Amino acid sequence: MKAAKIWVLVLALVLIAAACGGDDDTEAGTTDDGDGGAETTEAAGDEGGEDTSGDDAGGDEGADGEAAELATDFGVTDDEIRIGYNADLSGIFATTVLPIIEATEVYWEVVNENGGIAGREVVPVILDNAYDVPKHLENYEVFTGDGAESVVMIGQSTGSPHTAATAELLVEDEIAAIPLTWYSGWPDPEFGQNVFEVQTTYCVESHNGMTYMAENFGDKVAIISFPGEYGQDGAQGAKLAAEKLGLEVVYDGEGAVVPGSDQTPVITEIVNSGADFVWTTINPTTLSEIMGGAVSQGFTGMWSGNSPSWGFQLLGTDLAEAADQFYVYSTYTALWNTDDTPGMTEVVEAMREKRPDAPVSDLYLLGWINGMIVQQVLEQAAANGDMTRAGVTEAARQITVDLKGLAPNQSWGGDPNDFIVRESYIYDIDLANFTPNGTVSDEDAGTGYTLIQGPFASPLAEEFVYDGPCFVAE
Amino acid sequence: MERLRSFKPLSSPSTTFITGALIAAVVFYVVRAIIEPEVMIQTLAKALGLGATYAIVALGFVLIFKGTQVVNFAQGALAMIGALFVSFLAVDEHIPLTTIKNPLIGIGPEWFGWGLSVVVALFFAGILGLVLERVVIRPMIGQPLFSVAVITLGLETMLRTMANDSVRIQLRPLGIPWGTGGFTVGGETNDAGITTGGAFIAWSYVAAVITAIVAFLAVFFFYRSRMGVAMRATAFDQEAAMAQGINVGRVFAIAWIAGTILAAIGGIFATQPPIAQTGAAQVETQFIAFRALPAVILGGLDSVQGALVGGMIIGLAEITAGQYLSQYAGTLGSGYPLIVPYLVMIVGLLVRPYGIFGTPEVRRV
């Protein structure tokens, strides 16, 4: 009994020490006064080192060693800038999001080694939303509070329903968010005013993908999707495209795919539909279940879908041969080490240096692009002398982000029809280009693709008039 | 079995309901078999595959419950870990959690080395079950069962979190020799060798059914051994069993070893059709325990034959509803197949509150 008491005492002391330690770490250097009012700090001198960005507004100021005044409120102190990542680290898209976060971390390591932004170290604050809306909102409260994990902007917000749940709050809190979701509601000034979407939307992507599939594989399509802003936005885009292209929708499975459920109903409908191709807006493991089930039952139509439906990891599974034969990959960016653009060279070299044993993945490019965007936004804000949340949000509307060939450049100012991205990429799944267990350090490691087309905008996408989201949840 | 023999079809409202439901089901299957025989063959084969997998997982729940009176909420995580052990041994070709190369790879034909690796993986799973029992369950003998159940919830969280780290970025293939392959009954084969129509029956369905038969036979004969009788006595009354000189600790250990091995087998089949198509351990693999839970409850938590019957009923209901109600998904809601097992379980419990073969709890006032 005495021993038990000692253990309880030790445990209590450890917990107290841990709690105190956390406070000490996180409060250091915080300039927040807690009332939400902006204050001014001096931009610290750049300690030296080469900045990797081409447009280094804040960095130049620091490099000159001149102390410029910066307005700040939350998430920016004299020596650090905190960026929030509300990311799915354990939910149904964790397989996709974890490599993205990994590359983002590498990006900030490189930036910080080169002096940071405005002489400050960039600190990514990464919280797991588990692809769960309530958890996402909890994390959002942490980011937008005035505590130790408050941030100046949200660098990644995973999930369409999740980001939608915060869309109005973002405006109220005057904070910008970069979504890891391509929902067509984000460019809508009435809805996604502070959500700065990167690359094309699911809806426009569906226009490009459906055009390619119809031109090459036939005019009968089955459409399947998850319920919600992600799945149904892609499905609505596919239906709009089908209508404009004169295709016959032989099975409308919009919202019919529920993750974790037995997919027999969807498989049955696809097999019986006689479709020439299937357009999907789901996730990789559910795709494997439905596509594998349908192919094994003799369905010989082709498959494609919005980018998150596919994951190259499936090429390491029993689905590989069917995917090689039947799947066409639509996505938003160049893929790992497939060209020699400046952006590709940077990300490949950085990953090899910082994470030499990391498995090869195309998703690093999304993380890297995310870092490029956040950096250029923050540098613009620093150049404006306003690194408050509102100032950073305003800065995002002023710039065109140079993505160095990794994807079409991006801006957010003015009318959505002027800035929405209409280009996407189409790849053939090619097992011959896939390296099982390849690492980023392998010169020849591939993720299993051959570029067919891209970046390209189909005539449908070019003519697309943006007048609001393609899908709105009731 | 005794309860089955004493079943009188129209003796009470509940037996009348069961009889009516059985007759309706038989009529439905006969009619559909006449209209579309190939679809019916495929549906039944798929249902057998799913039902057999549920029955295997349910048997694991039942053995642990019979041995220790505890519902082990960690079965899903143990299923996932079992599948991971196979992946480490057969595909990564090393001993789990080490860099030591698996010496069984390369012995005989590829399938033989894989089979030996699975045996070793199940051995490791059994060891894990033994360790868990010794470290966290054995010290709780005599303590409130609720506390032990909560401990298994804690175990589930720990094991699941660790296992998820292995599959989050890369799916973990198990290298199963038959993959997603199978054979087709009927149908037409074109010049490209692709068969359309007919009833597709995956080899994984066949493997699951054979494995379930072997597992249930093994448990059937085990229960007739000296140790099996000791386990049944312990399940009936722990204190009385101890008073009779039965080593209750050993019973606990055997229950956990067997339960963990069965969870691991369930985990292997959870990577295969009809549950998944990747042949790889993934985050969803662990959900097999929760999908099998209605089968456990429906069959009776303390009944081996209940696990088999419950598994088959739930598998049949889930696949049949998925196949034949798909055109009504718009009305029923797209997630309706998720509800079917629980609906069947609820109806079953309303008729037989302790499950089809469960032992009614006798309370004296």
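We name chains A, B, ... by the order of the sequence lines, and we start the count at 1 in each one. Since the model is a prediction, treat every value here as computed from it, not as a measurement. The figures that follow rest on heavy atoms only: side chains count, while hydrogens, waters and symmetry mates do not.
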Nearest atoms (heavy-atom pairs only) where [X] meets [Y]:
X         : Y         : answer
Gly322(B) : Thr264(A) : C-CG2, 3.7 Å
Pro265(A) : Tyr336(B) : CG-OH, 3.4 Å
Gly316(A) : Pro173(B) : O-CG, 2.9 Å
Glu289(A) : Ala276(B) : CG-CA, 4.5 Å

Separation of [Y] [atom2] from [X] [atom1] (nearest 0.5 Å):
X         : Y         : atom1 : atom2 : value
Leu315(A) : Leu171(B) : CG    : CG    : 10.5 Å
Ser90(A)  : Arg160(B) : OG    : CZ    : 8.0 Å
Thr285(A) : Gln282(B) : OG1   : CD    : 5.5 Å

Can you tell me which portion of [X] sits under 4.5 Å from chain A's heavy atoms? Options are side chain, backbone, both or neither.
X         : result
Leu50(B)  : neither
Tyr324(B) : neither
Arg291(B) : side chain

*Only pairs at least two apart or in different chains count here, so list each ring pair (Phe, Tyr, Trp, His ring centres under 6.0 Å) that has a residue in residues 256-277 of chain A.*
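Passing the test, one end in residues 256-277 of chain A: no pairs.
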*Which residue pairs pass the salt bridge (charged side-chain N to carboxylate O under 4.0 Å, His left out) test with at least one member in residues 298-322 of chain A, sequence neighbours excluded?*
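For residues 298-322 of chain A: none.
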*Just wondering, are more than 12 heavy atoms of other shown residues or ligands nearer than 6.0 Å to NZ in Lys220(A)?*
no
_Heavy-atom neighbours of Tyr328(B) OH exceed 12 at 6.0 Å_ =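 No, not enclosed.
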*asked:* Does either side chain, that of Gln323(B) or that of Thr268(A), offer a donor lying less than 3.5 Å from an acceptor on the other one?
replied: yes
*Thr278(B) and Leu314(A): side-chain contact (heavy atoms from CB on, under 4.5 Å), yes or no, with the steps?*
CA-CA 7 Å; Thr278(B) 55; Leu314(A) 293 176; 4.0 Å; yes
_If you count heavy-atom pairs within less than 4.5 Å of chain B, which of Pro227(A), Gly293(A), Ala320(A) leads?_
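Of Pro227(A), Gly293(A), Ala320(A), Gly293(A) has the most heavy-atom pairs under 4.5 Å with chain B.
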*asked:* Is any side-chain heavy atom of Lys46(B) closer than 4.5 Å to one of Gln297(A)?
replied: yes
